[in-house]
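Have a look at the structure below, then the notes.
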Amino acid sequence: MPSSPKRIIVIPPFCKRSLSRTAKVGYMETRPLTKILVTGAGGQIGSELVPALRARYGAANVVASDVREDVAARLGDDGPFELLDVTDGAAIEAILDKYGVDAVFHLAALLSATGEKNPPLCWDINIGGLCHLLELGRKRDMARVVYPSSIAAFGPETPRDDTPQETVLKPRTMYGITKVAGELLGDYYFHKYGLDCRGLRYPGIISAEAPPGGGTTDYAVDVFYAAVKGEPFTCFVREDTTLPMMYMPDCLKSIMTLAEADLADLKHHCDFNVTAMSFSAGELASAIKKHVPGLEVAYEPDFRQEIADSWPRSIDDSAARAEWGWRPDYGLDAMVKDMLEKLRKKHEEGGLP
Ligand code: NAD
C-alpha cells in the first residue's frame, strides 16, 4: 500500500515558542479566553472561581451555571447566570450559542462520598457531562476546556508518599474512576482533535465561602465551622489520617494559571499533580487549637476512612512547577489563621450555616 503523503508545515523560528505540536493535528497556538462558561458554579470551588474569573475577564464575559436554582441568587447579580444540567447536551449547546462561549471551566460533578452513594449517577454526571462538553468543544473549535481531576484518581496500589506524576491509576471509587476516565478523554481530544483541554489533580480543598459538597476531605473544612461556633467536632477519619490539601486562594491560582499557560510549555495536559501542604486530621486540630484552645475533637471513622486510606499522603507536583510555574502561597498555619478570620467574621454577621 502506498503511504499517505506527509503534511509538512514550515514554522518561522520566531513563532515556534507559542506553538505546540500534536501528532495528528499539527501545530497549535495558545488562544485567548474571551467568553467563559462555568458549570457547577454554585459549588465549593465555583462560588469563588466565578468572582475571580469575572475580575480577570470582565463580569459580562463569565457565564455562571448550575443545576441548582438557588445559585442564581449568589452568582446572578454580578454577571450572567443560567440554569444548566450538564447531562443535557442540547441545553449546553443553547447556552454556548447564546453567549458565544469559547472556553469552559467545567466543575459540575458528584464528589467521592456522594458518588459512592449512587455510582451510576456519578458516572452519568461526571462522564456524561464531560463527553458533551468535549464533543461541543471539538465541533465548535473552542479555545479551551478546563476541568479538575482529583487525587481520587489514585488508588491503594499507588505509592502514597510523594506520589509521582506518572504512576498507577487504579481507584476503587466510582468518583476516582470518572476522574481517570476524564483525564484520558481530555488527553485524547487534545491529541486526536487539537482541542486544548487542561486539568489538574486537586487535593482536598479548604475554603470559607461555600461549604464542601460531599467529598472525603470535607472534615478539614467542617472542623473550622465547629471551632468558630464553639461546638465539639466529630471527625469521620482517624486522627493519623494524612492527606494532601490546598487553600482556596491557591486552588484558584492554580487553575487560572494553568488555563492561561503557554501551550508550547505543556508536556502534560489533563492530569497535572498539584499540592500545597499535607497534614493529618490531628495536626489540623492542633493548629486550630493554637487559636481556639477549647476545641474538642473526637474521631469516629466511617466509610470515608477507606477512601482516605486509598489516597496519597503527599504529592510530587514537580511537573506542574516545571511546565507552568506552579507555586503555592499557603501552608498549614497561614491557612488556619486566614480561615478562622474569615469564618469568625461571617459568624459575627450571622452568615454561618
Ligand atoms: P461541589 O460538590 O461543591 O460543587 C459541584 C456543583 O456541581 C454543585 O453546585 C452542584 O449543584 C453542581 N452539579 C451537580 N450535578 C450537576 C449537573 N448534573 N449539572 C450541573 N451542575 C451540577 O464540588 P467542588 O468542590 O466545587 O468541585 C468542583 C470540581 O473540582 C469537581 O470536578 C471536583 O471533582 C473537583 N475537585 C474538588 C475537590 C475539593 O476538595 N472540593 C478536590 C478535588 C477535585
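Below, all heavy atoms of this structure are taken into account, side chains as well, without hydrogens, waters or symmetry copies. If you read the sequence from its start, that first residue is 1, and numbering goes on from there. Both counts, for ligands and for their atoms, begin at 1 and track the order of listing.
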In ligand 1, the atoms that come under 4.0 Å of a heavy atom of Leu107 are 28 (C), 29 (C), 31 (C), 32 (O)
I'd like to know if the side chain of Gln44 pairs up with that of Ser207 as donor and acceptor (distance under 3.5 Å, no hydrogens or angles considered).
yes
- request: Kindly say whether the aromatic ring centers of Trp324 and Phe272 come within a distance under 6.0 Å.
  value: yes
Looking only at protein heavy atoms, what sits closest to atom 4 (O) of ligand 1 is Gly43 CA, 3.2 Å
min-distance protein heavy atom vs atom 5 (C) of ligand 1 -> Ala109 O, 3.9 Å
Check for me whether Arg238 meets the cation-pi criterion with Tyr299, that is, NZ or CZ under 6.0 Å from the six-membered ring centre and within 45 degrees of the ring axis.
no
Checklist entry - Going by atom types only, do Glu300 and Thr234 share a side-chain donor-acceptor pair under 3.5 Å? => result no
Quick note on ligand 1: atoms under 4.0 Å from a heavy atom of Ala108 include exactly 7 (O), 20 (C), 21 (N), 22 (C)
Looking only at protein heavy atoms, what sits closest to atom 37 (C) of ligand 1 is Ile45 CD1, 3.7 Å
| message | Pairing donors with acceptors under 3.5 angstrom, does anything connect the side chains of Tyr225 and Glu231? | response | no
shortest atom 19 (N) of ligand 1-to-protein heavy-atom contact is with Val86 N, 3.0 Å
*When only distance counts, is Pro212 in polar contact with ligand 1, meaning an N/O pair under 3.5 Å?*
no
ask   = Can a donor-acceptor pair be found between the side chains of Glu183 and His268 at a distance below 3.5 Å?
value = no
_Taking Leu332 as the starting point, is it possible to reach Tyr219 by hopping between hydrophobic residues whose side chains are less than 4.5 Å apart?_
yes
- Message: Is there a polar contact, in the sense of an N or O pair closer than 3.5 Å, between Pro211 and ligand 1?
- Response: no
Of Asp161, Thr242, Asp162, Thr163, the one forming a side chain to side chain donor-acceptor pair (under 3.5 Å) with Arg313 is Asp161
So the atoms of ligand 1 within less than 4.0 Å of a heavy atom of Gln44 turn out to be 1 (P), 3 (O), 25 (O), 26 (O), 39 (C), 41 (N)
For Ser150, the atoms of ligand 1 under 4.0 Å from one of its heavy atoms are 43 (C), 44 (C)
| message | Using a plain distance cutoff, I'd like to know if Ile125 has any nitrogen or oxygen under 3.5 Å from a nitrogen or oxygen of ligand 1. | response | no
Can a salt bridge be assigned to the pair Arg198 and Asp196 using a cut-off of 4.0 Å between side-chain N and carboxylate O?
yes
Logged contact type for Ser149 with ligand 1, heavy-atom cut-off 4.0 Å, is backbone
The protein heavy atom nearest to atom 6 (C) of ligand 1 is Gly40 O, 3.6 Å
protein heavy-atom neighbour closest to atom 16 (C) of ligand 1 works out as Val67 CG1, 3.7 Å
Logged contact type for Lys179 with ligand 1, heavy-atom cut-off 4.0 Å, is side chain
**Message:** If you measure every N or O of Tyr175 against every N or O of ligand 1, does any of those distances drop under 3.5 Å?
**Reply:** yes
If we number the atoms of ligand 1 from 1 as shown, the ones under 4.0 Å from a heavy atom of Pro203 are 40 (O), 42 (C), 43 (C)
Open item on the list: Checking Thr30 against Asp262: is there a side-chain donor and acceptor pair closer than 3.5 Å?
Closed with: yes
Gly204 heavy atoms within 4.0 Å reach ligand 1 at atoms 40 (O)
Report yes if some N/O of Asp85 lies less than 3.5 Å from some N/O of ligand 1; otherwise report no.
yes
Quick look: Leu111 vs ligand 1, heavy-atom contacts under 4.0 Å, and the answer is side chain
Check: Taking atom types as modelled, is there a side-chain donor on Gln305 or Thr241 under 3.5 Å from an acceptor on the other?
Finding: yes
Geometric N/O contact Ile205 with ligand 1, under 3.5 angstrom
yes
Establish, from distance only, whether the side-chain atoms of Asp240 and Ser280 form a donor-acceptor pair under 3.5 Å. no
In this structure, atom 43 (C) of ligand 1 is nearest to the protein heavy atom Tyr202 CB, 3.3 Å
The option among Asp66, Ile92, Leu200 carrying the non-hydrogen atom nearest to atom 11 (O) of ligand 1 is Asp66
Would you say NZ of Lys289 has more than 12 non-hydrogen atoms from neighbouring residues, nucleotides or ligands within 6.0 angstrom?
yes
With heavy atoms and a 4.0 Å threshold, my read on which part of Leu84 contacts ligand 1 is backbone
**Asked** Considering residues, nucleotides and ligands other than Lys229, do more than 12 of their heavy atoms fall under 6.0 Å from its NZ?
**Response** yes
